[in-house]
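The structure appears below as structure tokens.
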Amino acid sequence: MSATATDLGNSRTRSWWGWGYADAHPDDAECAAMGALLAGTLDRPLPIPRIADLPIVRPAVMPPPSLAHLVTADPRARAAHAMGKAYRDVIRALRGRPGRIPDLVAHPTDDQEVADLLDWAGGHNVAVIPFGGGSSVVGGVEYRGDAHRAVLSLDLTSMDRVLEIDTASRSARIQAGALGPVLEAQLRPHDLTLRHFPQSFEFSTLGGWLATRAGGHYATVHTHIDDFVQSLRVITPAGAGTSWRLPASGAGPSPDRLFLGSEGTLGIITEAWMRLQERPRHKASASVAFTDFHRALDAVRVIAQSDLAPANCRLLDPGEALLSGASHDGSTVLVLGFESATSPVDDRLASAVDLARTHGGHGQTHTTDRNAPADSAVSAWRSAFLRMPYLRDGLARMGAVVETFETAATWDKIPALIDEVRTEVGAAALKATGHLATINCRLTHVYPDGAAPYFTVAVAGRPNDEVKVWDDIKAVAGEVLHRHRATITHHHAVGRDHRPGYDLQRPDPFALALHAAKDALDPHRILNPGVLLD
């Protein structure tokens with residue numbers, strides 16, 4: 001029997017305004033203690049927002065009786081689907097300014113219901129915002145503007161089954177609304193795994209990963225969900241289509257590539273055949289410290305250009321290492337991890353550590369037994385990685401501006417890019433707030449030809465003006481990335497927040513082709529308006 005969220009016994013309540021589970025957020029005392037570490041924050045935390053205080057008006061439209069059982073106008077459901085989980089979403093909720101709240105929330109259970117909802121929406125000028133787990137941090141699941149009569153949030157999480165498993169081909173046909181834990185629970189009895197673990201794993205869906213080209217568990221080789229796609233099924237206002245299941249093909253442009261990363265603007269991904277893996281049986285991890293961040297960059301580059309292919313190769317600058325508890329002495333820390341379903345990985349780990357040592361790495365500790373106590377730096381980083389979004393929301397309650405952005409560039413640009421982001425974003429934060437900002441950097445994914453730096457910015461905001469402060473800082477960051485020809489996003493997606501950078505990055509002929517595809521597949525322009533293109 002297939003598992004669902006209910007089957008898994010997960011009765012915890014999701015926060016409608018912030019990250020994750022409502023019971024996992026810092027309390028007032030913890031918020032105040034965190035705020036005290038950042039000069040200029042509020043004296044006391046902003047109160048938890050209440051749905052009863054939101055400007056939720058009556059729906060502008062209602063569907064016909066044949067679709068009425070699929071939709072709800074419940075205020076809590078509408079509030080929970082109004083925004084994603086970026087800093088600017090959280091602070092808007094805390095300030096009671098959530099933006100346009102959807103008129104209705106739909107929960108289709110099959111492809112035909114998705115098609116029927118799209119057909120109705122297209123005939124009544126209703127914008128349709130595809131919604132998985134709602135973990136977007138780029139404005140990808142909200143409506144901005146007033147060009148449509150009403151807004152429908154199309155929640156796919158009722159379509160969450162593993163429908164078929166092909167053990168010979170080691171692949172599975174999975175509905176797009178399956179949240180990470182629900183998906184993995186259905187694969188576990190077969191000793192198989194998708195092995196895609198983004199930070200949002202608990203709160204995001206397969207369809208969301210596909211629509212945003214999400215980055216996941218692997219720091220090298222299989223870094224994006226794209227690498228596991230065998231076939232997609234997509235429902236569009238112009239009709240439905242399914243690509244062939246193939247291990248590879250050279251037959252023209254790939255139909256899957258049209259919809260991967262399309263963020264619900266061209267169609268609704270309802271299911272996919274995904275390549276699976278055996279569950280890893282051999283694991284080994286280590287941490288290596290450096291006194292020089294730029295030498296550590298060289299070490300990571302050499303490891304990425306070897307044939308070792310670590311599953312984890314995260315480089316934490318001194319600020320990031322301190323924040324995560326991986327180091328308290330000002331060191332840069334490299335977190336390495338290897339895994340395999342078939343053979344021990346100790347030798348590969350040892351080789352990677354040796355390469356790191358030739359570039360100034362020292363103080364290495366590691367574990368090769370999955371049952372042994374984990375390396376303290378590795379363990380601290382993992383715990384902080386999962387806890388960080390909750391702490392961000394706690395700092396937001398103190399009026400701080402705390403957010404992240406990420407990019408990718410070739411190795412020849414990486415050192416100067418990181419240095420200039422720190423300098424120019426720091427100057428922008430000081431200008432906007434009058435306070436010094438903390439700007440940390442880590443490498444999340446690495447390639448033979450480049451890397452993906454991930455930045456965290458924290459600074460006291462201006463009361464009641466925190467969103468503009470962040471937008472001003474983010475604009476400067478975008479200018480630095482563009483100057484270095486670094487991508488506007490490596491794995492967070494474009495959404496609405498990254499549109500200016502994306503418009504500069506894509507070639508003009510491709511923009512023409514994308515607009516033509518939009519016209520053909522979504523003639524009424526109802527699908528996620530404002531994302532990728534107007």
Side-chain angles (χ1 to χ4, degrees), residues 215 218-221 223 285-324 326-338 348-366 375 377-378 380-381 384-385 404-426 438-457 477 480-487 489-491:
Y218 289 103
T220 66
V221 188
T223 59
S285 61
S287 65
V288 184
F290 296 81
T291 56
D292 186 311
F293 178 74
H294 285 87
R295 290 201 70 190
L297 287 175
D298 289 336
V300 174
R301 176 177 53 79
V302 170
I303 292 170
Q305 291 173 346
S306 73
D307 61 355
L308 296 173
N312 194 7
C313 189
R314 300 315 203 264
L315 183 67
L316 316 179
D317 76 358
E320 191 75 16
L322 177 64
L323 188 66
S324 67
S327 171
H328 298 278
D329 62 2
S331 295
T332 292
V333 175
L334 173 61
V335 177
L336 290 167
F338 289 82
R348 283 197 286 154
L349 176 66
S351 295
V353 169
D354 286 344
L355 288 175
R357 285 174 171 169
T358 63
H359 290 79
H362 65 276
Q364 163 263 339
T365 58
H366 71 277
D375 163 69
V378 175
W381 171 78
F385 180 71
T404 62
F405 63 93
E406 37 73 57
T407 184
T410 50
W411 280 115
D412 61 310
K413 297 181 175 71
I414 288 293
L417 171 65
I418 293 174
D419 289 347
E420 289 182 29
V421 165
R422 286 174 173 150
T423 299
E424 296 187 32
V425 170
T438 296
I439 303 174
N440 297 331
C441 177
R442 67 180 185 265
L443 301 188
T444 61
H445 301 77
V446 296
Y447 304 90
D449 52 347
Y454 189 110
F455 298 92
T456 301
V457 180
V480 177
L481 300 186
H482 181 64
R483 187 165 67 244
H484 285 269
R485 296 184 71 84
T487 182
T489 176
H490 173 264
H491 59 265

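From a predicted model like this one, the values you see are computed outputs, not experimental measurements. These numbers come from the heavy atoms of this one structure, side chains and all, not from hydrogens, waters or symmetry mates.
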Answer yes or no: is there a donor N or O on one side and an acceptor on the other, between the side chain of Glu406 and the main chain of His491, under 3.5 Å?
-> yes

Just by distance, do the side chain of His359 and the backbone of Ala296 share a donor-acceptor pair under 3.5 Å?
-> no

Under 3.5 Å, side-chain donor or acceptor atoms of residues 298-305 against the rest of the protein: list the pairs with distances, not counting sequence neighbours.
{"from": "Gln305", "atom 1": "NE2", "to": "Pro448", "atom 2": "O", "distance (Å)": "2.8"}

Does Thr407 use its side chain to pair, donor to acceptor, with the backbone of Thr487 at less than 3.5 Å?
-> yes

Would you say the side chain of Leu322 lies within less than 4.5 Å of the side chain of His328, judging by non-hydrogen atoms?
-> yes

Spatial distance of atom CD (Glu320) from atom OG1 (Thr438) [nearest 0.5 Å] | 11.0 Å

All side-chain contact (heavy atoms from CB on, under 4.5 Å) counterparts of Leu308, not counting sequence neighbours | Ser306, Pro310, Phe338, Arg348, Ser351, Ala352, Leu355

Those residues that, when tested against Asp307, pass side-chain hydrogen bond (donor to acceptor under 3.5 Å, both in side chains) (two or more places apart) = none

Reported NE2-to-NZ distance for the pair His484 and Lys413, which is rounded to 0.5 angstrom = 9.5 Å

What residues, two or more places apart in sequence or in another chain, satisfy side-chain contact (heavy atoms from CB on, under 4.5 Å) together with Thr404?
-> Tyr454, Thr456, His492

Could you tell me whether a side-chain N or O of Ser324 sits under 3.5 Å from a main-chain N or O of Ala321, the two making a donor and an acceptor?
-> yes

Val288 and His362: side chain to side chain contact (heavy atoms under 4.5 Å, CB included), yes or no, with the steps?
-> CA-CA 6 Å; Val288 184; His362 65 276; 6.0 Å; no

Give a yes or no answer on whether the side chain of Arg314 reaches the backbone of Thr444 with a donor-acceptor pair at less than 3.5 Å.
-> yes

Hey, does Leu297 have a side-chain heavy atom less than 4.5 Å from the side chain of Ile418?
-> yes

Student check: side-chain heavy atoms of Leu336 and Val378 closer than 4.5 Å = no

Can you list the residues that meet the side-chain contact (heavy atoms from CB on, under 4.5 Å) rule with Arg483, with sequence neighbours excluded?
-> Glu420, Glu424, Val480

Evaluate the side chain to side chain contact (heavy atoms under 4.5 Å, CB included) criterion for residues His294 and Asp419: first the C-alpha distance (whole Å), next the side-chain angles of each, then the deciding distance (0.1 Å), finally the verdict.
-> CA-CA 10 Å; His294 285 87; Asp419 289 347; 3.2 Å; yes

Just wondering, do Cys313 and Leu334 contact through their side chains at under 4.5 Å, heavy atoms?
-> yes

Distance in Å, Leu315 CG paired with Phe290 CZ, rounded so as to fall on 0.5 Å steps = 7.0 Å

Nearest atoms (heavy-atom pairs only) where Thr332 meets Leu316 = CG2-O, 3.2 Å

Report yes if the side chains of Val425 and Phe455 come closer than 4.5 Å at any heavy-atom pair, otherwise no.
-> no

Any side-chain heavy atom of Val335 within less than 4.5 Å of one from Arg442?
-> no

Under the side-chain hydrogen bond (donor to acceptor under 3.5 Å, both in side chains) rule, collect the residues that match up with Ser331, sequence neighbours excluded.
-> Asp329

